[in-house]
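Provided herewith is a single structure, encoded as structure tokens, for subsequent inquiry.
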Amino acid sequence: MKELKPIKEGKVREIYDNGDSLIMVATDRISCFDVILNNVVTKKGTVLTQMSKFWFDLTEDILPNHMISVDVKDMPEYFQQEKFDGNSMMCRKLQMLPLECIVRGYITGSGWASYQKTGKVCGIELPEGLQESDKLPEPIYTPSTKAEIGDHDENISFEQSIDHLEKYYPGKGKEYAEKLRDYTIALYKKCAEYALSKGIIIADTKFEFGLDEQGNIVIGDEMLTPDSSRFWPAEGYEPGHGQPSFDKQFARDWLKANPDNDWTLPQEIVDKSIEKYLQSYEMLTGKKLLEK
């Protein structure tokens, strides 16, 4: 069996070319502040892949997604090794659109910082008197450009997103920008409502979309994982300060508090991180990881 090499490696994902499809593997690497840490978070990749599958299945009525299968038996022999089982997804090839489609239902993070300075987030005027972590009257769409690795993504307004898409797809900028905005908000509303019924607030998230061979917009990449979203426990939620979360916040907080960390976390912080990932998966799906 010959070893296959990924055609693209991100901070956490590896992508393999499988002829007319791709195989995306979510590794157990963890990155914070755009740096890959020296730790491995066991089963994290499986949580990310299985959670994306759950949301792709839930939202097929809104628009199609790129998932073909998460069963390694459907993939080439090389992927039928234990290290690929559960964390690999075979996907359709898409022409990815050059935007990160961010939607915010609550005010936090960089959105909160911007609101404190200007009363706006990405050019969108918000009501006065909001507190940190408040729910917004309506979810807002705040796209950003996708930067090359090493650069930072740039937040842009909806109007700028039209111009940005127009550069790549002359004559289609406005149509694509409007569809991306509308899909992003529709996906968020459905999933946030579902998550809330399971005890999780989705404060914000980002989606990525691509075009299939017929030119239809399809959702790709990952969907509503703790790596691409802010998940908060609904129990104990109170505006006015930051909220505890189900994501990498544990790891980020420890790194900030220990500046001479050498990008290595103590095992207890790694264990707490995976516990949070598993807890969010079980709350949302009602199942243990990889339980049939």
Distance, nearest 0.5 Å, that separates OG1 of Thr205 from OH of Tyr188:
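Answer rounded to 0.5 Å: 9.0 Å.
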What is the distance from atom OG of Ser21 to atom CE of Met67, rounded to the nearest 0.5 Å?
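Those atoms lie 13.5 Å apart.
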Would Phe84 and Tyr78 count as a ring-ring contact (aromatic ring centres under 6.0 Å, His included) if you check the C-alpha gap in whole Å, the side-chain angles of each, and the deciding distance to 0.1 Å?
CA-CA 9 Å; Phe84 293 116; Tyr78 177 68; 5.3 Å; yes
Could you tell me whether the side chain of Leu180 reaches within less than 4.5 Å of the side chain of Leu165, counting heavy atoms only?
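Yes, at least one pair of side-chain atoms sits under 4.5 Å.
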Decide if atom CD of Glu77 counts as having more than 12 heavy atoms of other residues, nucleotides or ligands within a radius under 6.0 Å.
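At most 12 heavy atoms, drawn from other residues, nucleotides or ligands, come within 6.0 Å of this atom.
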How many angstroms lie between atom CZ of Phe209 and atom OH of Tyr183, to the nearest 0.5 angstrom?
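Reported value, rounded in 0.5 Å steps: 8.5 Å.
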Is the closest basic N to carboxylate O distance between Glu175 and Lys179 below 4.0 Å?
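Salt bridge between Glu175 and Lys179, a charged N being under 4.0 Å from a carboxylate O: yes.
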Decide side chain to side chain contact (heavy atoms under 4.5 Å, CB included) for Asn39 and Thr264; before the verdict, give the C-alpha distance in whole Å, the side-chain angles of both, and the deciding distance to 0.1 Å.
CA-CA 6 Å; Asn39 304 82; Thr264 306; 4.1 Å; yes
For the hydrophobic clusters of this structure (ILVMFWY residues joined by side-chain heavy atoms under 4.5 Å, transitively), does one cluster hold both Tyr16 and Met24?
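No, separate clusters.
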Over 60° means perpendicular and under 30° means parallel, so tell me whether Tyr237 and Trp232 are parallel, tilted or perpendicular.
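Rings of Tyr237 and Trp232: parallel, under 30°.
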Can you tell me how far CG of Leu284 sits from CZ of Phe231, rounded to the nearest 0.5 angstrom?
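Reported to 0.5 Å precision, the distance equals 5.5 Å.
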Regarding Lys167 and Asp163, does a basic nitrogen lie under 4.0 Å from an acidic carboxylate oxygen?
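Between Asp163 and Lys167 there is no salt bridge, as every charged N stays at least 4.0 Å from the carboxylate O atoms.
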Looking only at heavy atoms, what is the nearest atom pair of Ile156 and Cys122, with distance?
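Looking at all heavy atoms of both residues, the shortest contact is O-CB, 4.4 Å.
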I'd like to check Leu63 versus Asn216 (side-chain heavy atoms, cut-off strictly below 4.5 Å). Are they in contact?
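No, every pair of side-chain atoms sits at 4.5 Å or beyond.
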Contact check, side chains of Tyr169 and Leu97, non-hydrogen atoms, under 4.5 Å
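Yes; the side chains approach each other to less than 4.5 Å.
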Side-chain contact, heavy-atom cut-off 4.5 Å: Asp20 with Lys93?
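When only atoms from C-beta onward are counted, Lys93 and Asp20 do not touch, as no gap falls below 4.5 Å.
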Answer yes when Lys11 and Asp34 have at least one side-chain N-carboxylate O distance shorter than 4.0 Å, and no when they do not.
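A salt bridge is present here (some side-chain N lies under 4.0 Å from a carboxylate O).
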Going only through I, L, V, M, F, W and Y residues with side-chain contacts under 4.5 Å, is there a path from Ile15 to Leu94?
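In one cluster: no.
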Which pair of non-hydrogen atoms, one from Tyr176 and one from Gly215, has the smallest distance, and what is that distance?
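Answer, listing the atom of Tyr176 first, then Gly215: OH-O, 4.5 Å.
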For the residue pair Gly109 and Arg230, what are the closest heavy atoms and their distance?
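Heavy atoms of Gly109 and Arg230 come nearest at CA-NH2, 3.5 Å.
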Side-chain contact, heavy-atom cut-off 4.5 Å: Arg181 with Ser161?
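No, every pair of side-chain atoms sits at 4.5 Å or beyond.
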Euclidean distance, Asn155 CG relative to Glu100 CD, rounded to 0.5 Å:
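Reported to 0.5 Å precision, the distance equals 9.5 Å.
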Minimum-distance pair of heavy atoms, taken over all atoms of Phe207 and Ile219
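Scanning both residues completely, I find the closest heavy atoms to be CD2-CD1, 3.7 Å.
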Closest heavy-atom pair and its distance - Asp28, Gly45
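Shortest heavy-atom contact: OD1-N, 2.8 Å.
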Parallel, tilted or perpendicular: which describes the rings of Tyr194 and Phe54, with under 30° parallel and over 60° perpendicular?
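Tilted.
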So Asp204 and Pro139, do their side chains get closer than 4.5 Å, heavy atoms only?
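With C-beta onward as the side chain, the pair stays apart.
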Do Val70 and Tyr277 share a hydrophobic cluster (ILVMFWY, side-chain heavy atoms under 4.5 Å, transitive)?
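Yes; Tyr277 is reachable from Val70 via cluster members.
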Using a distance-only test with no angle check, is there a side-chain donor-acceptor pair under 3.5 angstrom linking Asp247 and Ser245?
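Short answer, yes.
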Side-chain heavy atoms nearer than 4.5 Å, only ILVMFWY residues, links allowed to pass through others: does that put Ile62 and Ile102 together?
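No, separate clusters.
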Would you give the length of the straight line joining atom CH2 of Trp254 to atom SG of Cys32, rounded to the nearest 0.5 angstrom?
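Between atom CH2 of Trp254 and atom SG of Cys32 there are 11.0 Å.
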Is it the case that atom CD in Glu213 sees more than 12 heavy atoms from other parts of the structure closer than 6.0 Å?
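Atom CD in Glu213 is not crowded, with 12 or fewer foreign heavy atoms closer than 6.0 Å.
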Do Tyr106 and Val121 belong to the same hydrophobic cluster, where Ile, Leu, Val, Met, Phe, Trp and Tyr are linked whenever their side-chain heavy atoms lie under 4.5 Å apart, directly or via other members?
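Different hydrophobic clusters.
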Determine whether Asn65 and Glu60 make a side-chain contact, defined as any pair of heavy atoms from C-beta on separated by less than 4.5 Å.
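They are in side-chain contact.
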If you define the side chain from C-beta out and look only at heavy atoms, does anything of Ser110 sit under 4.5 Å from Arg104?
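Sidechains of Arg104 and Ser110: in contact.
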Could you tell me whether Lys174 and Glu178 make a salt bridge, using a distance below 4.0 angstrom between a side-chain N and a carboxylate O?
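So Lys174 pairs with Glu178 through a salt bridge.
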